[in-house]
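Order of the sequence lines sets the chain letters (A, B, ...), proteins ahead of strands, with each chain counted from 1. Values below: all heavy atoms of this structure, side chains included; hydrogens, waters and symmetry mates excluded.
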There are 2 protein chains.
Amino acid sequence: MPHLAYPTTTCEGFRCETHCAVRGLAICGELGPAEHEEFERLAQHVRYGPKEALFSEDEVADSVYSLIEGIARLYKLLPDGRRQIIGFALPGDFLGMAPGNRYSFSADSIGGVTVCKFFRGPFLRFIENRPQMLLRMNDFATRELSLAQDQMLLLGRRSAEEKVAAFLVGWRERLARLEGVTKTVSLPMGRQDIADFLGLTIETVSRTFTKLEREKLIVIVPDGVRVLDPKRFDALAAA
Amino acid sequence: MPHLAYPTTTCEGFRCETHCAVRGLAICGELGPAEHEEFERLAQHVRYGPKEALFSEDEVADSVYSLIEGIARLYKLLPDGRRQIIGFALPGDFLGMAPGNRYSFSADSIGGVTVCKFFRGPFLRFIENRPQMLLRMNDFATRELSLAQDQMLLLGRRSAEEKVAAFLVGWRERLARLEGVTKTVSLPMGRQDIADFLGLTIETVSRTFTKLEREKLIVIVPDGVRVLDPKRFDALAAA
DNA sequence: AAGACAGCTTGACACAGATCAAGGTGATGC
DNA sequence: GCATCACCTTGATCTGTGTCAAGCTGTCTT
């Protein structure tokens, strides 16, 4: 049995065979073949098991990450342990840009996760004279910022029921971009993660799920929910 | 008497005499003299009176703005009128980037405001082959995103007293970057604005100010507060 | 198959902050 | 100098969500 419960494996030093299923969505999506080749040479593909840290708040930010597969939880902690999840990262998302030289939040895998990891220096040198890449980085940052602002509205001004409904709608939309529209929304994160994302307690989240089920808006299934009445649901999430 | 209570004045068509007091902090801070000349030719300097809209959520985002002077309130509304202020913009801040082709929030002046206004098309054409500018845009976006994440932690996980203390500390720091350190923190926004920024009601904000004054942490003065015990104060804001 | 455990749900009760209502303060106008 | 108005403060009460505690469910271990 290995020393670590969830060992990290890398494939540095040789060409990875894995095809990147999210090329189009990722930061490298608009590179031509030659440039992509050069870009790939800067990358390490790294695999994490469940609940491993990719990086932690206040660590020196020496790397940036493009998430290829799996889901990560991004969060900040207060000194007394209160946690706010600031987002869930999906394949195609770009992580690790920081305003100073330290990460401003922590990231860890939920299930298994695979990333393209780049050292900051080489990555910045690669992009600094490639306006296409810089514009794409800008698009990513602008989209992230807009999501963050939506979340501020949610955290500051919505009721528990509205928060949960808006979360499910938003999550369903993000999954739809990756996997297409489905009736069943899979929820790989636990109730505590949802609570810490919405600024609620786990009990309130649980009660609200139950309430939505009683009102015949959803059905709770293992690791997810089925949305019964998308229309009424979207209305609840918007208002 | 003019038709509009607060008429907007522009100086399009001739060279503005006003020197930009925040060049170093603004988006254009690293341009050389020749490039800055060209950049200026794309700009309109526009002055707004108190409480005028610079732009509104869902409008077609045809312009971007660099704030030169004054303070703006950035906010989102729910259909029923609940408001969340997502930030206060200060001189040097860059506004109006949107993920789609519409603004994702509204902005209006608090007191008087002066901006450099750029039409989106010419602005994008100017920056698209200038990596320096693009990198600076990225820095701006990254800093904004980090502030937004701090605010999510505040909104989701802090008590009313912690929210108000953290707000005052953060605001004092931002003012210090512009005007240097002062004992008296000026608060040009009203109590309702602070409430909508912190996800509280105006009554709770008012009570909390009073409480902090009773505890001899601050003194409330017209249009601001004086911080009496910065140490104890920072501790309250951090924890 | 039984026990242990993590994750989730449910109930009873408490409380921070919201709501409702009234009154104070200072600026502006007539 | 008095009325008006916007803004702020204070008090009384209510309520949505948190806290505390117990029990449920499914999975893993042995």
What's the [atom1]-[atom2] distance between [X] and [N], to the nearest Å?
X: Arg191(A); N: dG26(D); atom1: CZ; atom2: C1'; answer: 14 Å
X: Ile220(A); N: dC8(C); atom1: CD1; atom2: C1'; answer: 10 Å
X: Asp223(A); N: dA6(C); atom1: CG; atom2: P; answer: 18 Å
X: Arg82(A); N: dT19(D); atom1: CZ; atom2: C1'; answer: 15 Å
X: Phe209(B); N: dT10(D); atom1: CZ; atom2: P; answer: 13 Å
X: Leu187(B); N: dC8(D); atom1: CG; atom2: C1'; answer: 13 Å
X: Leu200(A); N: dA16(C); atom1: CG; atom2: C1'; answer: 15 Å
X: Lys163(B); N: dG17(C); atom1: NZ; atom2: P; answer: 8 Å

Would you indicate which nucleotide in [options] comes nearest to any side-chain atom of [X]?
X: Thr210(A); options: dT17(D), dT9(C), dT9(D); answer: dT9(C)
X: Glu203(A); options: dG18(D), dC7(D), dA21(D); answer: dA21(D)
X: Ser206(B); options: dA21(D), dC7(D), dT10(D); answer: dT10(D)

Could you check, using the six-membered ring where one of them is a Trp, whether Phe55(B) and Tyr65(B) have ring centers closer than 6.0 angstrom? yes
Does the separation of the ring centres of Tyr75(A) and Phe197(A) fall below 6.0 angstrom? no
Begin with the C-alpha distance, continue with both residues' side-chain angles, and end with the deciding distance and a verdict on salt bridge (charged side-chain N to carboxylate O under 4.0 Å, His left out) for Asp196(B) and Arg157(A). CA-CA 8 Å; Asp196(B) 287 346; Arg157(A) 288 299 180 220; 2.7 Å; yes
Between Arg214(A) and Arg157(A), name the one whose nearest nucleotide on DNA chain C is closer to the 5' end.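 Taking each residue's closest nucleotide, the earlier one in sequence belongs to Arg214(A).
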Are Arg191(B) and Phe209(B) in a cation-pi contact, defined as NZ or CZ under 6.0 Å from the six-membered ring centre and within 45° of the axis? yes
Return whichever of Ile202(B) or Arg207(B) has its heavy-atom-nearest nucleotide of DNA chain D closer to the 5' end. Ile202(B)
Gap between atom CD1 of Ile68(A) and atom CG of Asp93(A) - 0.5 Å precision: 12.5 Å
N/O (side chain, Thr201(B)) to phosphate O (OP1/OP2, dA18(C)) under 4.0 Å: yes
